Amino acid sequence: MYTAHPDRYADMPYRRTGRSGLKLPALSLGLWHNFGPDRPAETQRAILRRAFDLGVTHFDLANNYGPPPGAAESALGEALKADFAPYRDELVISTKAGYLMWPGPYGEWGSRKYLLSSLDQSLKRMGLEYVDIFYSHRPDPETPLEETMGALHSAVQQGKALYVGVSNYSAEQTREAARILAGLGTPLLIHQPRYSMLDRRPETEGLLDALDELKAGSIAYSPLEQGLLTARYLDGIPEDSRAASDSPFLNTDALTEELVGKLRALDEIAKSRGQSLAQMALAWVLRGGRVTSALVGASSPRQLEDNVAAVRNLDFDAEELARIDRVIAA
């Protein structure tokens with residue numbers, strides 16, 4: 001029988017999400033990879049238990065996470081039943097809908113039919129009455145934004161979600177989504193963009209500025225760039241790495257000699273801060289407080305522990321930031 005660590009809230013910083021009353025841990029656990037039938041169930045449960053013991057109170061999912069699609073939500077449902085039933089009110093659980101989940105014209109994008117049907121399926125897989133945050137996973141170019149945002153509003157009205165968010169929306173799409181939601185009486189809580197030292201589009205394309213204006217939160221996914229911003233590839237491509245696999249998200253072509261040189265230079269900066277490259281990359285995303293939380297994945301409790309240690313040093317001086325910018329721009 002799992003009993004949560006009594007000091008689980010001692011070291012993790014919690015940040016207010018925009019102007020809402022909801023606080024998120026600086027690091028949240030994403031169940032994108034590593035939560036499916038190809039991984040030992042006990043390892044999955046051990047990762048979740050260790051996360052909660054370290055103060056990681058937010059578990060982030062989507063309907064299609066696995067593989068196969070739905071597997072991550074089912075795995076979390078089993079863990080919730082076995083380990084976390086007494087702690088449900090201490091957890092923030094989010095899920096999303098937008099990408100392909102089932103065949104036919106109603107199995108993806110942003111229609112009211114798809115979003116609300118998907119949410120019902122997600123709740124059933126997780127054994128929950130509600131999720132804390134429900135996202136539109138991507139904008140739908142053919143469905144009116146009023147319909148998509150109306151579906152999110154309905155999820156809140158029906159008691160199936162406490163808050164709503166969007167992911168992969170541009171700055172202007174986010175502003176319009178927030179306007180529509182405000183008119184319905186359901187605020188836009190949060191945006192989930194891809195953001196890292198190597199992918200700065202939320203800065204350069206004005207998304208972070210838009211979120212500041214809207215007083216909405218943000219949670220960055222892929223802050224480690226699928227493992228590139230770790231020590232894993234500093235000396236080549238390990239045979240068991242994601243880049244060496246058939247992953248559509250990272251392949252050997254991405255690991256150019258120029259990029260590896262930059263990663264090694266960044267690793268030297270991290271060492272001077274007393275951090276690993278991964279820890280510095282997470283701290284960089286969280287610098288200054290504009291990002292509410294950063295999502296990390298984990299294939300083992302030990303990997304999770306190493307990432308969570310990033311919260312011990314989230315501050316950068318001007319010279320460190322300038323050195324990082326010079327390395328990236330070189």
Side-chain angles (χ1 to χ4, degrees), residues 1-2 4 8 17 22 24-25 27-53 56-102 106-108 112-138 151-152 154-167 189-190 192 219 221 293 295-299 304:
M1 182 71 178
Y2 166 69
R8 57 190 175 276
T17 311
L22 183 69
L24 292 180
L27 294 180
S28 299
L29 180 64
L31 279 69
W32 183 16
H33 300 295
N34 305 317
F35 286 83
D38 60 334
R39 305 293 177 119
E42 188 52 41
T43 300
Q44 297 174 40
R45 285 178 59 189
I47 292 169
L48 293 166
R49 291 192 297 258
R50 188 64 183 132
F52 190 53
D53 284 346
V56 178
T57 53
H58 178 209
F59 300 156
D60 178 78
L61 301 97
N63 57 357
N64 63 333
Y65 287 178
E73 289 179 332
S74 296
L76 180 63
E78 291 299 316
L80 291 173
K81 182 168 58 176
D83 297 325
F84 294 101
Y87 305 107
R88 173 62 183 100
D89 292 336
E90 296 183 47
L91 292 170
V92 172
I93 297 171
S94 61
T95 196
K96 315 177 197 71
Y99 287 94
L100 181 63
M101 187 59 190
W102 61 83
Y106 319 121
E108 63 177 327
R112 179 179 182 86
K113 177 171 178 59
Y114 167 65
L115 291 174
L116 294 179
S117 297
S118 176
L119 178 55
D120 283 343
Q121 292 181 18
S122 293
L123 292 174
K124 185 176 181 179
R125 281 189 290 269
M126 292 186 284
L128 294 174
E129 295 181 356
Y130 70 93
V131 291
D132 297 276
I133 308 170
F134 182 49
Y135 289 88
S136 168
H137 206 166
R138 61 172 170 171
L152 296 185
S154 291
V156 173
Q157 293 298 103
Q158 294 168 7
K160 296 176 181 178
L162 301 185
Y163 302 91
V164 298
V166 297
S167 181
L189 174 79
I190 195 166
Q192 186 172 135
I219 180 167
Y221 75 86
S293 184
L295 279 167
V296 296
S299 58
L304 179 69

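Please read all numbers here as calculations on a predicted model, not as lab measurements.
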Trainee: So how far is it from W102 CH2 to E108 CD, rounded to the nearest 0.5 Å?
Mentor: 10.5 Å
Trainee: Can you confirm whether V131 sits close enough to L123 that some side-chain heavy atom of one is under 4.5 Å from a side-chain heavy atom of the other?
Mentor: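 A side-chain contact exists here, since the closest heavy-atom pair is under 4.5 Å.
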Trainee: How would you list, by chain and number, every residue that makes a ring pair (Phe, Tyr, Trp, His ring centres under 6.0 Å) with Y163, sequence neighbours excluded?
Mentor: none
Trainee: I need the full list of salt bridge (Lys or Arg N to Asp or Glu O under 4.0 Å) pairs touching residues 112-121, with sequence neighbours left out, sorted by first then second residue.
Mentor: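 Applying salt bridge (Lys or Arg N to Asp or Glu O under 4.0 Å) to every pair that reaches into residues 112-121, excluding sequence neighbours, yields D120-K160.
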Trainee: Would you check, one step at a time, whether the test side chain to side chain contact (heavy atoms under 4.5 Å, CB included) holds for L119 with Y130?
Mentor: CA-CA 9 Å; L119 178 55; Y130 70 93; over 6 Å; no
Trainee: My understanding is that only residues two or more places apart in sequence, or in another chain, count here; which of them pass ring pair (Phe, Tyr, Trp, His ring centres under 6.0 Å) with Y221?
Mentor: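 Y221 satisfies ring pair (Phe, Tyr, Trp, His ring centres under 6.0 Å) with no other residue.
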Trainee: Of all heavy-atom pairs between G98 and R138, which one has the smallest distance, and what is that distance?
Mentor: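 In terms of heavy atoms, the two residues are closest at O-NE, 3.0 Å.
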Trainee: Is the backbone of A75 close enough, under 3.5 Å, to the side chain of Q44 for a donor and an acceptor to pair up by distance?
Mentor: no
Trainee: Rounded at 0.5 Å granularity, tell me how far CG in L24 sits from CG in L22.
Mentor: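 If we round to the nearest 0.5 Å, L24:CG and L22:CG are 5.0 Å apart.
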Trainee: If you take all heavy atoms of T57 and P25, which pair is closest and at what distance?
Mentor: OG1-CD, 3.4 Å
Trainee: Would V156 and L162 satisfy side chain to side chain contact (heavy atoms under 4.5 Å, CB included), going step by step from the backbone distance to the final call?
Mentor: CA-CA 6 Å; V156 173; L162 301 185; over 6 Å; no
Trainee: Apply the test side chain to side chain contact (heavy atoms under 4.5 Å, CB included) to residues D83 and M1: give CA-CA distance (whole Å), side-chain angles for both, the deciding distance (0.1 Å), then the verdict.
Mentor: CA-CA 7 Å; D83 297 325; M1 182 71 178; over 6 Å; no
Trainee: With R125, which residues qualify under salt bridge (charged side-chain N to carboxylate O under 4.0 Å, His left out), at least two apart?
Mentor: E73
Trainee: Quick one: does S28's side chain get under 4.5 Å of V296's, heavy atoms only?
Mentor: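 S28 does not reach V296 side chain to side chain.
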Trainee: Which atoms form the tightest heavy-atom contact between L76 and M126, and what is the distance?
Mentor: CD2-SD, 3.9 Å
Trainee: Does either side chain, that of H58 or that of S293, offer a donor lying less than 3.5 Å from an acceptor on the other one?
Mentor: no
Trainee: Taking F52's backbone N and O only, do any of them form a donor-acceptor pair with R49's side chain (distance below 3.5 Å, no angle check)?
Mentor: no
Trainee: Restricting to side-chain contact (heavy atoms from CB on, under 4.5 Å), what partner residues turn up for E129, sequence neighbours left out?
Mentor: none
Trainee: Does the side chain to side chain contact (heavy atoms under 4.5 Å, CB included) test come out yes or no for L91 and F59, once each step is laid out?
Mentor: CA-CA 8 Å; L91 292 170; F59 300 156; 4.0 Å; yes
Trainee: Does some side-chain heavy atom of L48 sit less than 4.5 Å from a side-chain heavy atom of L29?
Mentor: yes
Trainee: Between atom CG of N63 and atom CG of L115, what is the distance when rounded to the nearest 0.5 Å?
Mentor: 9.0 Å
Trainee: Hey, does P37 have a side-chain heavy atom less than 4.5 Å from the side chain of P68?
Mentor: yes
Trainee: Between R45 and A79, is there a donor-acceptor pair closer than 3.5 Å when you use the side chain of the first and the backbone of the second?
Mentor: no
Trainee: Any chance you could measure S299, atom OG, to F35, atom CZ, to the nearest 0.5 Å?
Mentor: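 The OG atom of S299 sits 9.5 Å away from the CZ atom of F35.
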Trainee: Any non-hydrogen side-chain atom of K81 less than 4.5 Å from a side-chain atom of E78?
Mentor: yes
Trainee: Please report the shortest heavy-atom distance between L152 and G165, naming the atom on each side.
Mentor: CD1-O, 3.7 Å
Trainee: Look up atom CG in L116 and atom CZ in F134, then write down how far apart they are to the nearest 0.5 Å.
Mentor: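 One finds 6.5 Å between CG of L116 and CZ of F134.
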Trainee: List in chain and number order the residues that pass side chain to side chain donor-acceptor pair (under 3.5 Å) with E90, two or more places apart in sequence or in another chain; answer none if no residue qualifies.
Mentor: R8, Y9
Trainee: Does S118 use its side chain to pair, donor to acceptor, with the backbone of Y114 at less than 3.5 Å?
Mentor: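 Not at all, since once roles are kept as given, no pair shorter than 3.5 Å links the two residues.
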Trainee: From Y65 OH over to T95 OG1, what is the distance, rounded to the nearest 0.5 angstrom?
Mentor: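 If we round to the nearest 0.5 Å, Y65:OH and T95:OG1 are 8.0 Å apart.
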Trainee: Which word best sums up how the rings of Y87 and Y2 line up, parallel for under 30°, tilted for 30 to 60°, or perpendicular for over 60°?
Mentor: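 The arrangement is perpendicular - the two ring planes meet at more than 60°.
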Trainee: Side-chain contact, heavy-atom cut-off 4.5 Å: N64 with L100?
Mentor: no
Trainee: Counting only N and O atoms by type, is there a donor-acceptor contact under 3.5 Å from the side chain of D132 to the main-chain atoms of I93?
Mentor: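 Such a contact is found between D132 side chain and I93 backbone.
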Trainee: Looking just at side-chain N and O atoms, do D60 and Q192 make a donor-acceptor pair shorter than 3.5 Å?
Mentor: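 There is such a pair (donor and acceptor under 3.5 Å, judged by atom type) between the side chains of D60 and Q192.
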Trainee: Without swapping roles, check the side chain of S94 against the backbone of I133 for a donor-acceptor pair under 3.5 Å.
Mentor: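 No, the answer is negative, given that no donor and acceptor are paired below the 3.5 Å cut-off.
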